[in-house]
Amino acid sequence: MRSGELTPWSVLRDGARLIARFVRRHPIAFVIAVSGAALYASAIIAASRVIGWVTDTVVVPVLDGNESYSGLLLPAAVAILAVAILKAVGIVVRRTGAGYLQLRTRQDLRNDLLDHQLSLKMSWFDKQSIGDLLAVADADVDQGTGVLGPLPYASGVILLLIGSFVMITLIDPWIGLGAFIGLIIVIAIDIRGSWITYKMWEEVQEARGRVASVAHESFDGALTVKSLGREEYVSKRFGRESDQLRDRLIDVNSTWTTYQTVIRALPQAISIVLIVVGALRIDAGLLTPGDLVTVAYLLALLAFPVQLIGFVLWDLAGSQAGWRRIEAIFEAEDFISYGDREATPEVGPAPVLTDRVHFTYDGSEPVFEGLSFDLRAGVTVAVVGPTASGKSTLSLLLARLWDPATGDIRIDGRSLRSFAASELPREVGYVAQDAFLFDDTVAGNIALGGGFSQHEIVQAASLAGAHEFIMELPAKYETVLGERGTTLSGGQRQRIALARALIRKPRLLILDDATSAVDPSVEAAILRSLKSAALPSTIVVVAYRPASIRLADEVVYVDEKRVVAHGTHHELLASTPGYARLVQAYEEDARRMEQEAS
């Protein structure tokens, strides 16, 4: 839908394409809504004829004293009631169809946005503002589909316009010509106004995105803000963005109001002129009073449909501004490429091989160059290395949350890239340091829609060292946790996240400092439990605590963009000075923490 030079006609053309895109998804709802509007328009046209007929056959003769009205009231009342019923039916049908069309389109867009974003690589998410993405899914979707509200009515009243102009022209061609010229003038003004406000609406939607981003950061970072006493700074920052949004909205609405003043006044002025012309033509014997009443009635009714067409044109500009931001997400094509391999039904730990892996974050300094190592099935491996050596990056690569630039990672001899979508997580479990919990029950967070039994949930929680504290919660496993699990401690959140991975019985379990928030003794107990349990897993642990390192069967020491050493803890202490110094530093830090705690 993107176009080059912005002109009034390009806004109109792109808007028509946007409407067609929406209507194609739900054509039946659109047809129902337009049919209701057409029925309403037809009833209005019929009402004009009824009123003209009543005027000529009932009102004028009675006022002249030529006829009694006793036999004419009933037919007149029946005709008016029939027209009123048709109008009511048309309104109900139109609003029902239009409401369904708009709300379902919004639902479809939000579902499509989520599906599209989840198909993109993590590198795309790292470049986005979460608040801005939320604004696109909320405010921009509402704005982008705003035109669908008045659209069916405007489409239906086109019949009213055509029918009214035909009827006016049949009554008096000159009055019909004058009404047509007036309509062209009004629509031309609306098109120009829509064009002028298009860029204004783009600025409004961008400002809404910035407000949402700052709000999200403020809420997400509330602990940091309060701990540093920076509430006033954050409030002022949010206030500046809110003020800019307010100013943009004032600008667009001021422009809209200025144009609407003209649009509302112009049809009335044109109607007055045409009625005066009609009165003169009655004096000339070219019209009857009933004809003029019919013309006046139609002109009065046409004022709103003409304004409604204007509303559609103005909403079209706002909808396109919202759609451009939605379209920018749909145009992102940094997709994850999948194969067609299914996860193996076999249960048992899997061997892992990394082969000459090179990795960099979007062209920055390489994290790994030629990284290679081989893990035997069923071992527990500690990944150790100095700060910024790539330990967490390695865990992300093993879970295929990132892909290496070159080289390959294989599990059980199969490349991670060869798995179909959602198949690899059936064999590989990943638990991050920052445990994310959903606003659900404890059991719901562990099962996460996996259809596991209560026995399996309890078993996984016990293995993760979480069962005891869960049983102390008010509703035990049915306790509803707040968003992000804020009602729990950091260590409790980590243990529930670990249980979530364990219940799926992964063949490769990756723990990226996933027990850092628990006490060292609890962490050691959890790792011993994992080693002694009948798990079908090869376990990779990003470790910092000496006790955790010593529990591992093997250690992979990462530094200088590669695996420097791979062996047992004691072998590396004897052969690798850098590893020995690092472990010594860990031990000194652990002793200092114990002394401070005591």
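Numbering starts at 1 and runs along the sequence shown.
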Sorted by chain and number, sequence neighbours left out, side chain to side chain contact (heavy atoms under 4.5 Å, CB included) with Asp403 holds for Arg400, Arg417
Exercise for the section: State, with a plain yes or no, whether a side-chain heavy atom of Ser119 is found less than 4.5 Å away from one of Asp115. Expected result: no
Ion pair check, Glu427 and Arg414, cut-off under 4.0 Å: yes
Between Ser392 and Asp512, do the side chains contain an N or O donor and an N or O acceptor separated by less than 3.5 Å?
yes
Q | Side-chain touch Met122/Leu396, heavy atoms, less than 4.5 angstrom | A | no
- Query: Salt bridge or not for Arg237 and Glu241, using N-O below 4.0 Å?
  - Reply: no
Exactly one candidate in Tyr430, Trp124, Tyr361 meets ring pair (Phe, Tyr, Trp, His ring centres under 6.0 Å) with Trp402; the answer is Tyr361
Judged by atom type as modelled, is there a donor-acceptor pair below 3.5 Å linking the side chain of Gln494 to the main-chain atoms of Gln433? yes
Quick one, Tyr579 and Leu573 - any side-chain contact, counting heavy atoms below 4.5 Å? yes
Item to complete: Determine, using ring centers only, whether Tyr557 and His569 are less than 6.0 Å apart.
Response: no
So Val428 and Phe419, do their side chains get closer than 4.5 Å, heavy atoms only?
no
Sorted by chain and residue number, the side chain to side chain contact (heavy atoms under 4.5 Å, CB included) partners of Ala137 (sequence neighbours excluded) come out as none
- Item | Gln205 side chain to Arg208 side chain, donor-acceptor N/O pair below 3.5 angstrom | yes
Quiz item: Does Arg507 reach the main-chain N or O of Gly348 with its side chain, forming a donor-acceptor pair under 3.5 Å?
Solution: yes
Applying side chain to side chain donor-acceptor pair (under 3.5 Å) to Tyr100 and not counting sequence neighbours gives Arg104
- Query: Would you call Arg325 and Asp132 a salt bridge, taking side-chain N to carboxylate O under 4.0 Å as the test?
  - Reply: yes
**Request:** Side-chain contact test, heavy atoms from C-beta onward, threshold under 4.5 Å: evaluate it for Ile411 versus Pro351 and give yes or no.
**Result:** no
Taken in chain and number order and not counting sequence neighbours, the residues that satisfy side chain to side chain donor-acceptor pair (under 3.5 Å) with Arg240 are none
- Task: For the pair Glu342 and Arg426, find out whether any cationic side-chain nitrogen is under 4.0 Å from an anionic carboxylate oxygen.
- Result: no
If only atom types and distance count, is the side chain of Asn445 paired as donor or acceptor with the main-chain N or O of Phe438 below 3.5 Å? yes
Handout entry: Basic-acidic side-chain contact under 4.0 Å: Asp374, Arg410
Key = no
Residues passing the salt bridge (charged side-chain N to carboxylate O under 4.0 Å, His left out) test with Asp334, sequence neighbours excluded, are Lys121
Fill in: 4.5 Å side-chain heavy-atom contact, Val431 and Leu502
no
Q: Could you tell me whether a side-chain N or O of Gln102 sits under 3.5 Å from a main-chain N or O of Thr145, the two making a donor and an acceptor?
A: yes
Side chain to side chain donor-acceptor pair (under 3.5 Å) filter on Ser415, not counting sequence neighbours, yields Asp408
